[in-house]
Amino acid sequence: MDQFMKRAVDLAVANVKEGGQPFGAVLVRNGDIVAEGVNELHKQYDVSGHAELLAIRRVQEELQTNDLSGYTMYASGEPCPMCLTAMYFAGIEDVYYCASVEEAVEAGLGKSKQVYDDLQKTKEERSLRMRYLPLDEGQTDPMKLWKESSSEH
């Protein structure tokens with residue numbers, strides 16, 4: 001097994017032994033581990049406290065950057081939609097995982113699969129209802145404000 005995946009799995013095993021879920025992640029650049037994380041849902045009341053997100057947050061804070069191009073994520077489990085989206089936004093280019101979403105379902109951890117399945121549906125068919133509300137007349141449009149301010153730089 002790859003040394004970085006072995007570390008991610010070892011983190012996941014240790015997390016289970018401490019009462020957490022079986023997820024560990026290692027963020028790598030140029031052959032070096034730059035950040036690690038485990039799911040901390042059992043320690044914090046924070047549904048975003050996933051292993052991959054915590055590793056991303058740690059390196060971004062340390063380096064004061066949002067751009068993680070050239071980084072590789074090793075995760076003990078296939079990333080959930082939230083973590084996967086964060087990797088897209090951060091510019092992470094490669095992700096390796098060990099246990100599939102289907103294996104997580106078999107272990108009793110089915111939320112990721114439910115979300116992946118729901119995202120395949122139209123907005124109207126999803127279990128999370130989303131409704132459009134336009135700006136009030138005369139209200140400042142933050143998107144237009146952003147476009148104007150970003151074109152000045």
Side-chain angles (χ1 to χ4, degrees), residues 1-133 135 142-143 145-146 149-150:
M1 178 181 279
D2 178 280
Q3 66 176 332
F4 302 122
M5 184 58 73
K6 182 179 184 324
R7 177 65 182 153
V9 171
D10 288 347
L11 288 167
V13 168
N15 201 43
V16 170
K17 290 179 179 179
E18 293 176 8
Q21 293 178 334
F23 300 106
V26 175
L27 194 55
V28 175
R29 179 168 172 97
N30 297 328
D32 294 317
I33 294 174
V34 294
E36 299 179 337
V38 296
N39 275 37
E40 295 185 0
L41 302 177
H42 64 296
K43 294 180 181 177
Q44 308 280 341
Y45 292 101
D46 177 6
V47 296
S48 71
H50 288 201
E52 300 93 332
L53 284 179
L54 294 174
I56 290 168
R57 286 178 189 154
R58 288 174 180 139
V59 75
Q60 286 183 324
E61 184 176 348
E62 179 182 330
L63 300 177
Q64 296 292 293
T65 184
N66 290 319
D67 182 9
L68 298 183
S69 303
Y71 288 72
T72 301
M73 181 69 74
Y74 291 82
S76 64
E78 186 173 352
C80 75
M82 176 178 59
C83 293
L84 184 63
T85 301
M87 289 182 239
Y88 273 104
F89 278 114
I92 293 172
E93 299 168 0
D94 291 296
V95 180
Y96 295 92
Y97 64 90
C98 195
S100 69
V101 168
E102 292 75 21
E103 290 172 295
V105 169
E106 290 174 19
L109 299 161
K111 188 57 93 174
S112 288
K113 176 140 178 37
Q114 290 171 355
V115 175
Y116 272 121
D117 290 347
D118 215 38
L119 289 173
Q120 299 298 314
K121 300 173 184 175
T122 66
K123 288 179 191 175
E124 297 76 26
E125 296 173 319
R126 293 180 188 158
S127 60
L128 178 63
R129 291 181 301 281
M130 294 176 54
R131 296 175 189 91
Y132 170 74
L133 289 175
L135 293 171
M143 292 297 175
L145 184 62
W146 167 256
S149 69
S150 63

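All values derive from a computational prediction rather than experimental measurement.
- Counting only distance, with no hydrogens or angles, the side chain of Asn39 and the backbone of Leu41 share no donor-acceptor pair below 3.5 Å.
- Side-chain atoms of Lys43 and Glu18, non-hydrogen and from C-beta on, do get closer than 4.5 Å to each other.
- Put simply, the side chain of Leu68 does not reach to within 4.5 Å of the side chain of Glu93, judged on heavy atoms.
- In this structure Gln114 satisfies the side chain to side chain contact (heavy atoms under 4.5 Å, CB included) test together with Lys111, sequence neighbours excluded.
- Under the 4.5 Å side-chain criterion, counting only non-hydrogen atoms from C-beta, Ser112 is not in contact with His50.
- Salt bridge present: Arg58 and Glu40 bring a charged side-chain N and a carboxylate O closer than 4.0 Å.
- Residue Gly24 comes nearest to Leu11 through the heavy atom pair CA-CB, 4.1 Å, listed as atom of the first residue, atom of the second, then distance.
- Contact between Ser76 and Ala12 at its shortest, heavy atoms only, is OG-CB, 3.5 Å.
- Between Pro81 and Leu119, the shortest heavy-atom contact is CB-CD1, 4.0 Å.
- Interatomic distance, Ser127 OG to Asp117 CG, rounded to the nearest 0.5 Å: 10.5 Å.
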Side chain to side chain donor-acceptor pair (under 3.5 Å) between Asp67 and Thr65, intermediate numbers included:
CA-CA 5 Å; Asp67 182 9; Thr65 184; 5.5 Å; no
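- Rounding to the nearest 0.5 Å places CD of Glu78 at 11.5 Å from SG of Cys98.
- Contact record, Ser48 with Leu53: O-CD1, 3.2 Å, taken as the closest heavy-atom pair.
- Rounding to the nearest 0.5 angstrom, the gap separating the CZ atom in Arg131 from the CD atom in Glu124 is 11.5 Å.
- Atom OH of Tyr116 has more than 12 neighbouring heavy atoms from other residues, nucleotides or ligands inside a 6.0 Å radius.
- Under the 4.5 Å side-chain criterion, counting only non-hydrogen atoms from C-beta, Tyr71 is in contact with Val34.
- At least one side-chain heavy atom of Leu27 sits less than 4.5 Å from a side-chain heavy atom of Ile92.
- Not a single donor-acceptor pair under 3.5 Å links the side chain of Asn15 to the backbone N or O of Pro22.
- With rounding to the nearest 0.5 Å, the separation of CZ in Arg29 from OG1 in Thr72 is 9.5 Å.
- Among all heavy-atom pairs drawn from Ala55 and Gly37, the shortest one is CB-N, 4.1 Å.
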Could you check Asp118 against Glu125 for side chain to side chain contact (heavy atoms under 4.5 Å, CB included), going step by step and ending with a plain yes or no?
CA-CA 8 Å; Asp118 215 38; Glu125 296 173 319; over 6 Å; no
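- Residues Met73 and Pro79 have side chains not in contact (no heavy-atom distance under 4.5 Å, counting atoms from C-beta outward).
- In this structure, Gly110 and Val105 approach most closely via the heavy-atom pair CA-CG2, 3.9 Å.
- Taking the six-membered ring where the residue is Trp, Tyr74 and Phe4 present tilted rings, their angle falling between 30° and 60°.
- Summarising the geometry, atom NZ belonging to Lys113 is positioned 6.0 Å from atom CD belonging to Glu102; distances are rounded to the nearest 0.5 Å.
- To the nearest 0.5 Å, atom OG1 of residue Thr85 and atom CD of residue Glu52 are 11.5 Å apart.
- Residue-environment remark: NZ (Lys121) exceeds the threshold of 12 foreign heavy atoms within 6.0 Å.
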